[in-house]
Amino acid sequence: MPGARRGQTGDVNDFDLLVLGSGPGGQRAAIAAAKLGRKVAVVDRREMIGGVCINTGTIPSKTLREAVLYLTGLNQRELYGQSYRVKDDITVADLGMRTQHVIGRETDVIRSQLARNHVTVLPGVGRFVEPNAVAVSGGREPGGREQKVTADKIVIATGTRPARPDSVAFDEKTIIDSDGIIHLDHVPETMVVVGAGVIGIEYASMFAALGTKVTVVERRDRMLEFCDLEIVEALKYHLRDLAVTFRFGETVASVERMARGAITVLESGKRIPADTVMYSAGRQGMTDDLQLEAAGLAADHRGRIKVDEHYRTAVPHIYAVGDVIGFPSLAATSMEQGRLAAHHACGEPVSDIIDLQPIGIYTIPEISFVGRTEDDLTAAKVPFEVGVSRYRELARGQIIGDSYGMLKLLVSPDDRRLLGVHVFGTGATELVHIGQTVMGLGGTVDYLVNAVFNYPTLAESYKVAALDAMNKMRHMARLSE
Ligand SMILES: Cc1cc2nc3c(=O)[nH]c(=O)nc-3n(C[C@H](O)[C@H](O)[C@H](O)COP(=O)(O)OP(=O)(O)OC[C@H]3O[C@@H](n4cnc5c(N)ncnc54)[C@H](O)[C@@H]3O)c2cc1C
């Protein structure tokens, strides 16, 4: 950055780069710029270091999931019988213990990373006062005064919060959003989940595994419409087996708070009683407090900020990354956006974000995919062959007692490249990266046919699915000989 810290007015600014928000996007932007020798600061509330990701979103929900799987013994029941449990009465304390520990450790790791890289942490909330100046308030510095800091470049990484319809009286006890889940004081016997998006369906599956009778209400006719249909059907089958009831194509008219629970009233007239109602109906960008107009910026009605391919907003020295810019709103993508934005801001050569981004959904069982779906390819009139491997036909699948898992490869019959990889079941979110690597390096199904995989592993499913696709393509070739 030639002429470092000299702002538009010619003044010397306090920092080369100022980051608002310390979630995955902000953190990576700060570290990347610091590694390039820039003077960097990050603003966030003290108790939110690590962002939604560490404190209320990804990490608590994934730690909760792990505790649920362990304590219920759900994954071992195929081997040791349907009554197998590690603990009979699972309490919120059992579930929460691990979560607090992991959040604490993750926060320490982030604080230490920022400190090691000499990134200044400014505790509080930031708002623009000028295009190059931010007022930070709410910190615990002596007198708690507002502090004005200036920077050459600014990265907005303020994330999102759960959207709350005005018509619903949230009480943080019975009627909650996804932030409230981790503060529940008991495991409810019955629960309504409004919204079958990723967050809603992940929590629905965790509570169903705990024995809660869950009803999912979704306005659309299907859920997770960006995923492979066959895999979503398999997930629905599993969740129904755990006593989940789905109400698709239904809209909530109101939620009535009762003495010991709430009744969710649907527009169709159905009334669903439950101990707890969890709303998971989208998220709103955290831009209300930013005073964007002072920087010459604006957000859309969902609080999101528009950016170009370099994550630059309409004001070229201000960047925005992570959930505040919208889809795909994942921690991994946010991190990469942060790194790329910082490199661009520091004048480093940057490549575009790689198109091939994996999606991981931590339902029980989990789903992961990379590349295109069958529906997507069919709509685009792109021919494909399907190769499938079922865990129950793999030695590792039998050993771990996963009889439902599957891996599906979509292969181009023209050049045999992989078009998509879809995995359902144990380890799906890890396994998908093998396919992602082959696809990213332009490999074909032949590589998977010829590769030798450790035995017995779930990774072997790649070879089995590749052979399946290859046999189908060979059959086609034979018919036309
Ligand atoms: C329940 C749940 C489960 C999830 N599970 C997964 C998952 O399994 N995998 C996955 O990849 N993603 C998951 N996500 C999404 C993931 O958490 C987000 O994509 C990621 O956290 C977004 O990162 P971010 O950089 O945008 O910042 P965020 O993590 O959203 O953090 C933003 C930070 O900005 C701060 N901030 C806000 N306003 C200001 C201001 N004015 N000044 C200073 N600081 C401010 C906030 O305090 C917050 O700390 C989940 C989300 C939720 C809610």
Side-chain angles (χ1 to χ4, degrees), residues 18-30 41-66 99 106-107 110 121-128 134-139 149 154-163 176-182 193 195 197-204 206 278-280 282-292 295 299 303-305 311 319-339 341 357-363 366-368 428-429:
L18 178 69
V19 182
L20 298 173
S22 66
Q27 232 179 83
R28 294 301 159 114
V42 175
V43 183
D44 208 329
R45 282 173 291 154
R46 215 177 278 272
E47 68 281 10
M48 279 302 285
I49 291 295
V52 163
C53 178
I54 303 290
N55 296 286
T56 53
T58 314
I59 295 302
S61 71
K62 263 74 267 182
T63 314
L64 177 69
R65 180 183 186 274
E66 213 54 40
T99 308
E106 283 290 287
T107 310
I110 291 165
V121 177
L122 300 170
V125 176
R127 70 184 162 83
F128 284 96
V134 166
V136 180
S137 55
V149 283
I154 298 176
V155 177
I156 302 172
T158 50
T160 54
R161 58 180 155 76
I176 57 174
D177 59 28
S178 63
D179 285 357
I181 277 278
I182 46 178
V193 174
V198 174
I199 296 172
I201 215 71
E202 283 185 358
Y203 277 128
M206 287 181 224
M278 187 194 85
Y279 252 82
S280 177
R283 299 187 63 89
Q284 185 73 22
M286 287 277 281
T287 44
D288 320 343
D289 301 334
L290 281 177
Q291 211 168 289
L292 287 174
R304 290 171 306 200
I305 299 175
Y311 305 101
Y319 293 71
V321 299
D323 285 13
V324 77
I325 65 168
F327 187 81
S329 298
L330 289 171
T333 355
S334 303
M335 290 179 202
E336 188 56 7
Q337 291 169 354
R339 190 182 72 84
Q357 290 167 26
I359 302 283
I361 303 176
Y362 292 87
T363 38
E366 69 192 56
I367 295 176
S368 194
T429 51

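Computed from a predicted model, the values in this text were never measured in an experiment. For the numbers below, each heavy atom of this structure counts, side chains included, while hydrogens, waters and symmetry mates do not. Start at 1 and go down the list; that is how both ligands and their atoms are numbered.
Of the listed options Thr58, Thr160, Val19, Val42, Thr58 places a heavy atom closest to atom 14 (N) of ligand 1.
Judged by the shortest distance from any of its heavy atoms, Arg283 lies inside the 4.0 Å radius around the atoms of ligand 1. Residue-ligand proximity: Gly360 is placed with every non-hydrogen atom at 4.0 Å or more from ligand 1.
Counting heavy atoms closer than 4.0 Å to ligand 1, residue Ser61 contributes side-chain atoms (C-beta onward) but none from N, CA, C or O. With a 4.0 Å heavy-atom cut-off, ligand 1 is reached by no atom of Gln27. Heavy atoms from both the backbone and the side chain of Val52 come within less than 4.0 Å of ligand 1. With a heavy-atom cut-off of 4.0 Å, Arg45 touches ligand 1 through its side chain alone. When heavy-atom distances to ligand 1 are checked against a 4.0 Å cut-off, Leu290 comes that close only through its side chain, counted from C-beta outward. Residue-level proximity to ligand 1 for Ser334 is carried by the side chain, the only part with a heavy atom below 4.0 angstrom.
Taking distance alone, with nitrogen or oxygen atoms compared against 3.5 Å, Val321 stays at or beyond that limit from ligand 1. Considering backbone and side-chain atoms alike, Asp44 places an N or O below 3.5 Å from some N or O of ligand 1. Considering both main-chain and side-chain atoms, Cys53 comes within under 3.5 Å of ligand 1 through a nitrogen or oxygen pair. At under 3.5 Å, a nitrogen or oxygen of Gly25, whether backbone or side chain, sits near a nitrogen or oxygen of ligand 1.
Between the CZ atom of Arg46 and the CG atom of Leu122 there is a distance of 10.5 Å, given to the nearest 0.5 Å.
The one candidate from Val155, Val321, Asp323 that meets the side-chain contact (heavy atoms from CB on, under 4.5 Å) condition with Gln337 is Val321.
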